[in-house]
Amino acid sequence: MEFEPLDQYQQRRKKLAEIESLGYPPFPHKFDATHSPSQVVSQFGARTADELAVGKPGVRVAGRIVALRPHGKAAFGHLAGGGARLQFYVKLDTVGEAAFKLFQLLDLGDIVGLTGELFRTKTNELTIRVEKLELLTKALLPLPEKWHGLADTEMRYRRRYLDLIVNERAREIFLRRAQITRELRRFFDDRNYIEVETPMMHPILGGATARPFVTHHNRFDMDLYLRIAPELYLKRLVVGGLDRVYEINRNFRNEGIDAIHQPEFTMLEFYQAYSDFSELMDLTEELMRGLAEKVCGTTKVKYGESEIDFGKFDRLSMREAICKYWPQDAGVEPNANDFKTSRRAREIAARYNEFARVKSLEPVATGESISEGELTGELFEAIAERHLIQPTFIYDFPTDISPLSKKRVDDPSLTERFELFVAGMEIANGFSELNDPEDQERRFRAQVEKGGQEAPKEVDVDYIRALSHGLPPTAGEGIGIDRLVMLLTDSHAIREVMLFPLLRSESAAGSADDEGQK
RNA sequence: GGACCGCUAGCUCAAUGGUAGAGCAGCUGACUCUUAAUCAGCGGGUUCCAGGUUCGAGUCCUGGGCGGUUCACCA
C-alpha cells in the first residue's frame, strides 16, 4: 500500500532500502533507553554548562526527530518524547563515518535512539552530543507542517496520531483526562467503594430514556441493545450486598451529535446504600472541589470567558430556577408555588410561549398529553439551563420525568433528585433510588405503554424481582466524564476530549453508493 | 433534519470572472554551535465531486459529499 504524498513516500522507502543495504536492521526490536527526552529535561534541565562539562552525564534517549538543521558535516535537531524536546548534535568527527552516513538518510519523523553525553551549546541549550546513532523506525510519511502544525479539525480527529505528535494541547488534554479518571478512582476507592464492570449489551432497554443501538448475538439468535446506562445492573449489585459500587465505562445513545453529545460517551455511576440524594450533593461538591484542586491546582477554573468556582455550589429547586431566570419581557414572574396545580402550571407555560412567539424562540410543548411535571422540565430547559454557569444543583425534579427516583415524602409530585449544571451543561444526575418494587413496576409499565423508540419494549421483570428481594435505601449518581474533562481542560467541544470521536466514513465522495442510498 | 460558514500542492495559507501562487515539507548542491538555520537551484495541482451559466469559472448558479457553527431533537 502506498500513501500521499507519493513522491515523499517513495523517497523514504528508497532511503530505508539504502539503510538496510548499509547493514542496519530496518525495523529493530528494542532499544534500552536510560531516559526519554522529557526525563532528560527534567533531570538535567537545571544543570549549568560547567556542571555538565564536569559531570559529562551520559544518556541513551529514544524519540521522534521533529526538527533537523544540517550543516554539512554536522547537524542539530530535536528529538521529541514524553511531551518534551531535547536538542541533539551530530558531528562527523564524533559519530564516525558510518553513523554519519546513516544520519544523512534520516528524515523528519523518524524514530531514533541516541547515545551520548549532555552538554550546553553556546546558546546555552541542553543538548546531547551524539556518539552512537540507531534508527529505530523509519517514518515513511512526513509530519505536518512544522510551524503551523495540523490545524484542520477534521484531520485532527481522523488522524489523531498526528494531532498528538504535533499539537501539544491535544496531548495535554488526554494526559489530564487520564489524571482525572485516576483521581476519580482514588476518590471512590478511598471511601470503600468497589469498582465493577456490568454488561454493555443489554437484552432490555433501561436505566435512562434514549434511542439505543441494536446488535445481535448469533448463537442465541438474540437482539441486544448497547447499554444506554448501567443503572439497573449496579442497583442489582446493591441488592446483592455490594453496598458501595462504582463503574466508569461507556454508554451508547443513538441520537444527535453536537458540541456536547457523542454516541459513545463515558459515564461514572456510583451507588451507596443507606444514603439519600442530599448526601450525594455534599459528596459531589467535595469530589469536584478536590478534583479541580488536584488537576488544575485551584478551585477557580478558567472556562472560555468565565471563571468557574468549584469551591462554591448553588442549590435551586427546578421551580425556583424557572422563576429566577424568568425573562423580563415574559409577563408576570411566576412564583414557585404556582407550579403546584396543573392549571396554573399551564398558565405559566402559555405565558412563556407567548413570549417565545414574540421573540421567535421555540415554544415548549403544551399538549393535553403533557403532564405538568414534563411542562416544568421543559420550562426549566428553555429558561434556566443555559444560565447555570457556576456550579448549581437543581433539585425537586418532577416525578413524571424521573421514573427511577424516590418521591418526596411531603409531595409525591416531586422526587428526591438533582442534577448538577456547570457552564450550562448537565454534568451529573443523582437521586434517592426508588426501591418500592410495586411503584417501580407501575412506572415501568407506564413507560412501556407510552411506547416510542426510547421506551423499553417490555418491563424488566428481573429488576422488579431484585427490588422485591429488598434494595436498601440507596442513593446513586451518574457523572458525565467527557463533559467534566471539558470543564477542567477549557475545551468547548466533546470531540476535543475524546481520542477518536465518531465521524462519517471518509470513503470516496460521489461514488455509486450515493445513488443506492436514495 | 433546518440555516449559515468552510473545502486550493503532503501541511499552513494566497489568488477583481482573465496564464493557479507563497512559506514549510521534498529533491540537487554548499555549509562542523544551529534552533521557524542560511544560501543557490529543481520538481510538485482532478482548486471536494457532478452538472450549468460564460468567449473564459478556484471565483457565479444548481445538486451532492465531508467538516464546522448554530437551531431543533435529545434525561
Side-chain angles (χ1 to χ4, degrees), chain A residues 3-12 14-15 66-78 85 87-95 100 107-109 119-125 127 129 141-159 162 166 207-211 228-229 231 251 253-261 263 267 360-363 365 374 377-378 380-382 385 394 397-398 400-405 417 419 426 428-431 452-454 478 480 492-493 495 501 503-511 513-515 517-518:
Chain A
F3 294 96
E4 292 288 331
L6 208 56
D7 58 333
Q8 298 194 39
Y9 183 83
Q10 287 167 343
Q11 181 65 34
R12 285 169 181 237
K14 213 169 94 192
K15 287 182 180 176
V66 292
L68 268 180
R69 295 179 294 279
H71 291 269
K73 298 188 176 64
F76 285 94
H78 277 91
R85 290 167 162 234
Q87 179 166 262
F88 59 81
Y89 182 45
V90 177
K91 195 162 69 155
L92 174 61
D93 301 345
T94 313
V95 286
F100 201 76
D107 288 293
L108 287 176
F119 73 107
R120 285 191 183 273
T121 59
K122 53 182 197 196
T123 55
N124 206 37
E125 177 161 351
T127 303
R129 179 182 287 109
L141 288 169
L143 293 172
E145 211 263 347
K146 66 179 174 186
W147 189 242
H148 300 96
L150 190 64
D152 183 76
T153 47
E154 182 176 354
M155 198 77 90
R156 289 185 41 236
Y157 301 145
R158 288 196 195 277
R159 308 197 191 158
L162 291 182
V166 164
T209 314
R211 287 183 65 175
I228 57 172
E231 173 147 354
N251 290 343
R253 298 187 184 177
N254 204 340
E255 287 170 357
I257 294 179
D258 63 27
I260 55 170
H261 293 90
M267 187 91 138
S360 55
L361 299 172
E362 197 68 20
E374 289 170 312
E378 289 209 39
F380 167 75
E381 284 177 26
E385 189 169 340
I394 299 296
F397 271 61
D400 307 332
I401 57 172
S402 310
L404 299 163
S405 310
R417 174 184 173 194
E419 285 187 356
E426 178 196 337
N429 175 20
F431 39 88
Q453 286 174 306
E454 302 179 352
H492 297 261
R495 296 177 291 272
L503 299 178
R504 281 197 165 83
S505 68
E506 208 178 354
S507 60
S511 67
D513 290 354
D514 296 350
E515 304 299 317
Q517 303 267 328
K518 301 268 163 76

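We name chains A, B, ... by the order of the sequence lines, and we start the count at 1 in each one.
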Distance-only side-chain donor-acceptor flag, Arg120(A) / Gln87(A), under 3.5 Å: no
How is Glu419(A) classified with respect to the nucleic acid when contacts are heavy atoms under 4.0 Å: base, sugar-phosphate, or nothing? nothing
From U12(B), C33(B), C66(B), nucleotide with atom closest to Arg504(A) side chain: C66(B)
How is Phe119(A) classified with respect to the nucleic acid when contacts are heavy atoms under 4.0 Å: base, sugar-phosphate, or nothing? base
Touch class at under 4.0 angstrom, heavy-atom based, for Gln8(A) against every strand present: base
Straight-line distance of Phe397(A) CZ to Asn429(A) CG, nearest 0.5 Å: 6.5 Å
Taking only the side-chain heavy atoms of Thr209(A) (C-beta and beyond), determine which of C73(B), A75(B), C24(B) contains the nearest atom. A75(B)
May I ask you to say what Thr121(A) touches in the nucleic acid, namely base, sugar-phosphate or nothing, with a heavy-atom cut-off under 4.0 Å? base
NA contact type, Asp152(A), heavy-atom cut-off 4.0 Å: base, sugar-phosphate, or nothing? sugar-phosphate
Any idea which heavy atoms bring Arg211(A) and Ile228(A) closest together, and the distance? O-CG2, 4.4 Å
Closest to the side chain of Tyr89(A), out of A75(B), U32(B), U70(B), is U32(B)
NA contact type, Gln87(A), heavy-atom cut-off 4.0 Å: base, sugar-phosphate, or nothing? base
Applying the 3.5 Å cut-off to both distances, the Watson-Crick or G-U partner of G26(B) turns out to be C42(B)
Give a yes/no on whether any side-chain N or O of Lys73(A) is located under 4.0 angstrom from OP1 or OP2 of C33(B). no
Proximity to the side chain of Glu125(A) - top-ranked nucleotide from C66(B), U34(B), C73(B): U34(B)
Looking at the side chain of Glu454(A), which of C74(B), U32(B), C27(B) is the nearest nucleotide? C74(B)
For Leu503(A), report the nucleic acid contact type (base, sugar-phosphate, nothing); a contact means any heavy atom under 4.0 Å. sugar-phosphate
Quick one: which of U69(B), A25(B), U12(B) gets closest to the side chain of Pro142(A)? A25(B)
Please work out if Gly377(A) contacts a base, only the sugar-phosphate, or nothing of the nucleic acid, heavy-atom cut-off 4.0 Å. nothing
Can you tell me which nucleotide in U32(B), A36(B), C73(B) comes closest to the side chain of Asp258(A)? C73(B)
Leu92(A) atom CG is separated from U32(B) atom P, nearest whole Å, by 10 Å
